[in-house]
Amino acid sequence: MTTLQDAFGKRLRDIRRRMDLTQEKLADSADMSVQYISDIERGKRNPSLSSIETLARALDMSVSDLFNMEEFQIDAGEMRDKLISRIEQADEEKLRVFFAISRTILG
(Lines give C-alpha, C1' and ligand atoms only; values in the text may rest on other atoms or scores of the structure.)
Protein backbone atom coordinates (compact mmCIF):
# COMPACT_ATOMS: atom_id res chain seq x y z
CA MET A 1 0.00 0.00 0.00
CA THR A 2 1.34 3.38 -0.98
CA THR A 3 1.45 5.90 1.85
CA LEU A 4 0.90 9.62 1.36
CA GLN A 5 4.59 10.10 2.11
CA ASP A 6 5.53 7.68 -0.69
CA ALA A 7 3.00 9.23 -3.09
CA PHE A 8 4.26 12.74 -2.36
CA GLY A 9 7.84 11.64 -3.01
CA LYS A 10 6.87 10.06 -6.33
CA ARG A 11 4.93 13.19 -7.26
CA LEU A 12 7.90 15.42 -6.43
CA ARG A 13 10.25 13.24 -8.49
CA ASP A 14 7.81 13.21 -11.42
CA ILE A 15 7.45 17.00 -11.40
CA ARG A 16 11.20 17.51 -11.08
CA ARG A 17 11.90 15.20 -14.00
CA ARG A 18 9.18 16.78 -16.16
CA MET A 19 10.84 20.13 -15.52
CA ASP A 20 14.17 18.59 -16.53
CA LEU A 21 15.70 19.37 -13.14
CA THR A 22 18.30 17.29 -11.38
CA GLN A 23 18.03 16.72 -7.65
CA GLU A 24 21.03 19.01 -7.35
CA LYS A 25 19.31 21.87 -9.19
CA LEU A 26 16.14 21.51 -7.14
CA ALA A 27 18.11 21.31 -3.91
CA ASP A 28 20.00 24.47 -4.87
CA SER A 29 16.81 26.35 -5.79
CA ALA A 30 15.11 25.28 -2.56
CA ASP A 31 18.22 25.77 -0.42
CA MET A 32 18.02 22.15 0.73
CA SER A 33 20.48 19.30 0.63
CA VAL A 34 20.49 16.83 -2.24
CA GLN A 35 20.21 14.03 0.32
CA TYR A 36 17.03 15.58 1.75
CA ILE A 37 15.46 15.83 -1.73
CA SER A 38 16.47 12.23 -2.44
CA ASP A 39 15.03 11.03 0.87
CA ILE A 40 11.71 12.80 0.20
CA GLU A 41 11.49 11.35 -3.31
CA ARG A 42 12.10 7.83 -1.97
CA GLY A 43 9.48 8.26 0.76
CA LYS A 44 12.13 8.10 3.47
CA ARG A 45 11.55 11.63 4.83
CA ASN A 46 8.36 13.38 5.80
CA PRO A 47 8.85 17.03 4.82
CA SER A 48 7.50 19.77 7.05
CA LEU A 49 4.87 22.19 5.81
CA SER A 50 7.49 24.89 5.45
CA SER A 51 9.68 22.53 3.38
CA ILE A 52 6.71 21.71 1.15
CA GLU A 53 6.03 25.41 0.69
CA THR A 54 9.70 26.02 -0.15
CA LEU A 55 9.69 23.16 -2.69
CA ALA A 56 6.54 24.53 -4.34
CA ARG A 57 8.14 27.97 -4.61
CA ALA A 58 11.36 26.47 -6.04
CA LEU A 59 9.26 24.61 -8.64
CA ASP A 60 7.24 27.78 -9.36
CA MET A 61 3.94 26.14 -8.52
CA SER A 62 1.31 26.27 -5.80
CA VAL A 63 1.30 23.89 -2.87
CA SER A 64 -2.06 22.53 -4.05
CA ASP A 65 -0.56 21.75 -7.48
CA LEU A 66 2.30 19.97 -5.77
CA PHE A 67 -0.26 17.78 -3.99
CA ASN A 68 -2.35 17.03 -7.09
CA MET A 69 -1.73 13.29 -7.04
CA GLU A 70 -4.63 12.02 -9.14
CA GLU A 71 -2.47 9.32 -10.72
CA PHE A 72 -1.84 7.82 -7.28
CA GLN A 73 -5.51 7.87 -6.27
CA ILE A 74 -7.01 5.83 -9.10
CA ASP A 75 -6.86 2.10 -9.45
CA ALA A 76 -5.15 0.15 -12.23
CA GLY A 77 -8.39 -0.36 -14.16
CA GLU A 78 -9.12 3.37 -14.26
CA MET A 79 -5.53 4.12 -15.33
CA ARG A 80 -5.83 1.54 -18.10
CA ASP A 81 -9.12 3.08 -19.29
CA LYS A 82 -7.60 6.58 -19.29
CA LEU A 83 -4.54 5.39 -21.20
CA ILE A 84 -6.69 3.62 -23.78
CA SER A 85 -8.81 6.74 -24.22
CA ARG A 86 -5.74 8.92 -24.71
CA ILE A 87 -4.24 6.44 -27.17
CA GLU A 88 -7.47 6.35 -29.18
CA GLN A 89 -7.51 10.17 -29.38
CA ALA A 90 -3.81 10.59 -30.19
CA ASP A 91 -2.52 11.58 -33.60
CA GLU A 92 0.14 9.50 -35.37
CA GLU A 93 3.08 11.47 -33.95
CA LYS A 94 1.89 11.04 -30.36
CA LEU A 95 1.20 7.36 -30.98
CA ARG A 96 4.77 6.87 -32.16
CA VAL A 97 6.12 8.61 -29.05
CA PHE A 98 3.87 6.54 -26.79
CA PHE A 99 4.90 3.36 -28.60
CA ALA A 100 8.59 4.19 -28.17
CA ILE A 101 8.12 4.96 -24.49
CA SER A 102 6.10 1.81 -23.88
CA ARG A 103 8.73 -0.32 -25.63
CA THR A 104 11.40 1.21 -23.43
CA ILE A 105 9.41 0.58 -20.25
CA LEU A 106 7.88 -2.78 -21.08
CA GLY A 107 10.56 -4.21 -23.31
Is there a side-chain contact between Leu12 and Leu26 in this structure, where contact means two heavy atoms from C-beta onward sitting under 4.5 Å apart? yes
If you define the side chain from C-beta out and look only at heavy atoms, does anything of Thr22 sit under 4.5 Å from Val34? no
Here the gap from Gln35 atom CD to Ile40 atom CD1, rounded to the nearest 0.5 Å, amounts to 10.5 Å
Rounded to the nearest 0.5 Å, the CG atom of Asp14 sits from the CZ atom of Arg18 at a distance of 3.5 Å
Check: Which pairs count as salt bridge (charged side-chain N to carboxylate O under 4.0 Å, His left out) when at least one residue sits in residues 91-100, sequence neighbours excluded?
Finding: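 Applying salt bridge (charged side-chain N to carboxylate O under 4.0 Å, His left out) to every pair that reaches into residues 91-100, excluding sequence neighbours, yields Glu92-Arg96.
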### Message
Under the salt bridge (charged side-chain N to carboxylate O under 4.0 Å, His left out) definition, can you give me all pairs with a residue in residues 21-40, not counting sequence neighbours?
### Response
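For residues 21-40, and leaving out neighbouring residues, the salt bridge (charged side-chain N to carboxylate O under 4.0 Å, His left out) pairs sorted by first residue read Asp39-Arg42.
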Tightest non-hydrogen contact, residues Gln5 and Asn46, listed as OE1-CB, 3.3 Å
Correct closest heavy-atom pair for Ser48 and Tyr36 would be N-OH, 3.9 Å
Who passes side chain to side chain contact (heavy atoms under 4.5 Å, CB included) against [X], sequence neighbours left out?
X: Ser64; answer: Ser62
X: Ile52; answer: Phe8, Pro47, Val63, Leu66, Phe67
X: Ala30; answer: Met32, Thr54, Leu55, Ala58

Query raised in the report: Does Lys10 pair with Asp6 as a salt bridge, N-O distance under 4.0 Å?
Result: no
Residues at least two apart in sequence or cross-chain that pass side chain to side chain donor-acceptor pair (under 3.5 Å) with Glu41, listed by chain then number, are Arg16, Gln23
Exercise for review: Name all residues meeting the side chain to side chain donor-acceptor pair (under 3.5 Å) criterion together with Arg13; count only those two or more places apart in sequence or in a different chain, and write none if there are none.
Suggested key: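 So Arg13 forms no side chain to side chain donor-acceptor pair (under 3.5 Å) with any residue.
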Atom pairs and distances, side-chain donor-acceptor, residues 100-107, under 3.5 Å, sequence neighbours left out:
| unit_1 | atom_1 | unit_2 | atom_2 | d |
| --- | --- | --- | --- | --- |
| Ser102 | OG | Phe98 | O | 3.2 |
| Ser102 | OG | Phe99 | O | 2.9 |
| Thr104 | OG1 | Ala100 | O | 2.9 |

Sorted by chain and residue number, the salt bridge (charged side-chain N to carboxylate O under 4.0 Å, His left out) partners of Glu88 (sequence neighbours excluded) come out as none
Those residues at least two apart in sequence (or on a different chain) that pass salt bridge (charged side-chain N to carboxylate O under 4.0 Å, His left out) with Arg45 are none
